**Q** 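This structure is in C-alpha cells; I'll ask about it shortly.
Here the structure is a predicted model, which means the values were calculated and not measured.
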Amino acid sequence: MATEIYAFYNNKGGVGKTTLCQNAACLYAEQNPEKLILVIDLCPQANISQFLLGGGKKGYAVNQRLQSQATRRNIVGFMDWLLSGNSGFTSIPASYMTHVSRHNSHISSNLYLIAGDSFLESLSLALNFATMNPGNVNAWSEYVTAIRRLCAAELAKTQFEEMTVFIDCNPSFSVYTQMALVSSDNIVIPVMADYSSLEGIKGIMMLLYGKYPSAAASNYANKVLTFNKQIKNFNLPLPKIFELPFNNFTANMGVANAYASIKNEISDFAWQQYQADPTVFAALATTPANNKQWEDIFMSNVKDFHTAGKVSASLGIPLHLLPKHTVYAMPDGTQINVPKGNYKESLDHLEAFVDKL
C-alpha cells in the first residue's frame with residue numbers, strides 16, 4: 001500500500017493555501033478514481049471542511065453536527081484518542097474519515113475528509129504537555145509522526161491500494177502543525193506578491209530546516225531546543241519543498257509588473273536556498289542550471305478566482321466543475337452569472353499545478 005502526503009503550509013496567513021488545497025484535491029480525486037484521496041483539515045477555522053461538506057451555511061451545519069457527536073469522528077476525536085495513552089498506535093479502533101460525497105454530490109466518491117474542529121486549538125496545551133512526557137522518552141516522536149500512521153491505518157480499512165493525502169495546515173507552528181509537517185512527504189508553500197510571503201519562506205527555512213540567515217541567529221539557536229534539533233535527535237525525515245504557487249497573479253500590466261518584481265525576489269531567495277542545499281527540495285531528474293530553470297520547476301502561477309471563487313465556496317462546487325453552467329443560484333437565491341471565459345486562466349493554472357502532483 002502506497003501513501004503520498006502533501007502539506008499546504010505557510011506561516012503567513014491569507015496566501016490562498018486552503019483554496020488551492022481544496023480545489024487541487026477535488027480535481028486530483030476526479031482524475032485518479034483508483035486512489036483514495038484524503039483531505040485532513042488541521043486548521044481550527046475548518047474552512048476546507050465547510051467547503052467539502054457542501055459549502056457555505058450547509059457545509060458549516062454538517063461540520064457542526066460532526067463536532068456535536070459524543071465521540072467525534074474528526075481530527076479532534078483522533079487527538080482525544082491519542083491523548084488517552086495511544087500515541088504509539090499502529091492501528092485505530094474506528095475510522096475518523098467522513099465520506100464527502102454523501103454530503104456533497106459535486107465531490108468524487110473516492111474523496112474522504114478528516115474534518116476540522118474549532119476545538120483543535122484548545123487541545124494545543126494538552127498536546128504540548130503530552131509530547132514532554134517524562135515517562136516516555138519517545139513521546140515527541142510518536143506525536144509528530146502520528147498523522148502518517150493515521151493515514152496508513154485509514155487506508156488499511158478500505159479497499160484502496162493507494163492513497164494521496166492533502167493536509168490543510170494552520171499558519172501557526174503549533175504542535176498539530178508540526179504533526180502535519182513531519183508526517184508529510186512534500187510541502188506546498190503558497191505565496192503572494194508581498195514581502196510578508198518572503199519572510200514566511202525565510203521563517204520556514206529556519207523553523208523546519210535550521211537554515212539561519214546569519215551567524216548570530218545560528219549561534220542563538222544553538223543555545224535552545226529547536227524543532228530542527230528535535231528532528232535530528234529522533235532521526236526523523238522532513239517534507240521536501242515541492243512547489244511555491246504564486247497567488248494573486250494578474251494580467252493587468254501595471255499590477256503585474258509590481259507583482260513580478262516581488263516574485264523575482266522570492267524566486268531569487270528560494271533559488272539561493274536550493275543552491276545551498278538542494279536536499280531540502282523535491283528530488284529532480286535533472287539539476288537546474290540557473291534561476292529561470294529552477295523557477296520553471298518549483299514555482300507556478302495561481303490566478304485570482306474572483307467571482308468564481310465566491311460561488312465555488314458558497315455552494316461547495318469545485319472550480320473545475322463551474323464551467324458546466326454560467327448562472328448559479330446562491331444560498332439566498334441570488335442568481336450569479338459566471339462567464340466561462342472569465343476564469344479560464346485560473347482553471348488552466350489549477351490544472352497545471354495538479355499535473356505536477
Side-chain angles (χ1 to χ4, degrees), residues 1-9 17 20-42 48 52 75 78 82 87-101 107-115 141-169 176-189 208 231 234-243 245 278-286 297-298 300 318 320 350-357:
M1 290 186 171
T3 300
E4 187 82 4
I5 305 177
Y6 295 87
F8 288 68
Y9 174 68
K17 64 176 179 56
L20 179 60
C21 182
Q22 67 196 27
N23 284 292
C26 291
L27 179 56
Y28 187 85
E30 186 172 291
Q31 293 178 348
N32 296 272
E34 77 286 357
K35 294 183 180 181
L36 170 62
I37 309 305
L38 175 61
V39 175
I40 301 179
D41 192 344
L42 272 171
I48 201 166
L52 291 172
I75 193 62
F78 171 66
L82 276 185
S87 61
F89 75 96
T90 55
S91 62
I92 53 178
S95 176
Y96 294 93
M97 299 192 304
T98 295
H99 196 180
V100 174
S101 61
I107 306 299
S108 298
S109 62
N110 59 324
L111 192 150
Y112 289 74
L113 167 71
I114 296 181
S141 176
E142 289 176 355
Y143 272 87
V144 296
T145 58
I147 297 296
R148 174 166 286 278
R149 282 178 286 128
L150 170 63
C151 292
E154 292 285 14
L155 178 60
K157 288 180 174 293
T158 73
Q159 77 278 15
F160 293 96
E161 294 295 325
E162 294 183 72
M163 166 192 270
T164 302
V165 183
F166 295 75
I167 305 179
D168 186 32
C169 297
Y176 54 82
T177 300
Q178 295 171 33
M179 292 168 68
L181 295 174
V182 178
S183 292
S184 297
D185 301 291
N186 306 287
I187 179 172
V188 176
I189 310 173
L208 265 69
I231 289 293
F234 288 100
N235 194 29
L236 296 175
L238 283 172
K240 303 298 185 181
I241 297 176
F242 180 83
E243 186 82 3
T279 65
V280 170
F281 294 78
L284 300 175
T286 304
I297 297 169
F298 285 103
S300 57
H320 73 276
L350 177 65
E351 290 168 353
F353 172 77
V354 171
D355 284 344
K356 291 186 176 183
L357 301 177

**Q** Can you tell if the side chain of L155 reaches within under 4.5 Å of the side chain of K157, non-hydrogen atoms only?
**A**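 SC-SC contact between L155 and K157 ruled out.
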**Q** How far does OH of Y112 sit from OG1 of T158, to the nearest 0.5 angstrom?
**A**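 So the gap between those two atoms works out to 7.5 Å.
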**Q** How far does CZ of F8 sit from CD1 of I48, to the nearest 0.5 angstrom?
**A**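 Reported to 0.5 Å precision, the distance equals 8.0 Å.
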**Q** Does a side-chain heavy-atom distance below 4.5 Å link L236 with S141?
**A**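 Yes, at least one pair of side-chain atoms sits under 4.5 Å.
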**Q** Sort and list the pairs that fulfil salt bridge (Lys or Arg N to Asp or Glu O under 4.0 Å) and have at least one residue in residues 144-156, not counting sequence neighbours.
**A**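 Matches after skipping sequence neighbours: R148-D185.
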**Q** So which atom in Y143 and which in L82 form the shortest heavy-atom distance, rounded to 0.1 Å?
**A**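 Y143 and L82 have their closest heavy atoms at OH-O, 3.3 Å.
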**Q** Rounded at 0.5 Å granularity, tell me how far SG in C169 sits from CG in L181.
**A**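 C169 atom SG to L181 atom CG measures 5.0 Å (nearest 0.5 Å).
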**Q** Is there a donor-acceptor contact under 3.5 Å from the side chain of K356 to the main chain of F298?
**A**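 Such a contact is absent between K356 side chain and F298 backbone.
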**Q** Using atom types as modelled and distance alone, determine if a side-chain donor or acceptor of K240 lies under 3.5 Å from a backbone N or O of T279.
**A**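 Side chain of K240 to backbone of T279: a pair is present.
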**Q** Would you name the heavy atoms of S101 and I107 that are closest together and state the gap between them?
**A**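 Nearest heavy atoms, S101 then I107: CB-O, 3.5 Å.
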**Q** Mind checking whether Q22 and V39 have side chains closer than 4.5 Å, heavy atoms only?
**A**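 Side-chain contact under 4.5 Å: no.
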**Q** Run I5 and I40 through side chain to side chain contact (heavy atoms under 4.5 Å, CB included) and show every step you take.
**A** CA-CA 10 Å; I5 305 177; I40 301 179; over 6 Å; no
**Q** Specify the closest pair of heavy atoms between S87 and E142, including all atoms of both residues, with the distance to one decimal.
**A**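 Heavy atoms only, the tightest pair is OG-OE1, 2.6 Å.
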**Q** To the nearest 0.5 angstrom, please state how far the CG atom of L38 sits from the CG atom of L111.
**A**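 Atom-to-atom, L38:CG and L111:CG are 8.0 Å apart.
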**Q** Looking at CG of L20 and CD of E243, how far apart are the two atoms once the value is rounded to the nearest 0.5 Å?
**A**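 The distance works out to 9.0 Å.
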**Q** Tell me whether S108 contacts the main-chain N or O of N110 through its side chain, where contact means a donor paired with an acceptor under 3.5 Å.
**A**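 Checking the backbone N and O of N110 against the side chain of S108, no donor-acceptor pair under 3.5 Å is found.
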**Q** Looking at L42 and Y176, what are the two nearest heavy atoms and their distance?
**A**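 Smallest heavy-atom distance, with atoms named: O-CE1, 3.5 Å.
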**Q** What pair of heavy atoms forms the shortest contact from I114 to I75, and how long is it?
**A**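 Taking every non-hydrogen atom into account, CG2-N, 3.6 Å.
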**Q** Do L357 and T164 come within less than 4.5 Å of each other through their side chains, counting heavy atoms only?
**A**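 Of all side-chain heavy-atom pairs linking T164 with L357, none is under 4.5 Å.
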**Q** Apply ring pair (Phe, Tyr, Trp, His ring centres under 6.0 Å) to F78 and list each qualifying residue two or more places apart in sequence or on a separate chain.
**A**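 F78: ring pair (Phe, Tyr, Trp, His ring centres under 6.0 Å) contacts with F89, Y96.
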**Q** If only atom types and distance count, is the side chain of N186 paired as donor or acceptor with the main-chain N or O of Y6 below 3.5 Å?
**A**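 No, N186 side chain to Y6 backbone: no donor-acceptor pair under 3.5 Å.
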**Q** Using the side chain to side chain contact (heavy atoms under 4.5 Å, CB included) rule, pick out the option among I167, D168, V188 that qualifies with C21.
**A**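 Answer after filtering I167, D168, V188: D168.
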**Q** Search all heavy atoms of V144 against all heavy atoms of V182 and return the closest pair with its distance.
**A**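 Of all heavy-atom pairs spanning V144 and V182, the closest is O-CB, 3.3 Å.
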**Q** Please round to the nearest 0.5 Å and tell me the distance separating atom CG of L238 and atom CD1 of I231.
**A**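 So the CG of L238 and the CD1 of I231 are separated by 4.5 Å.
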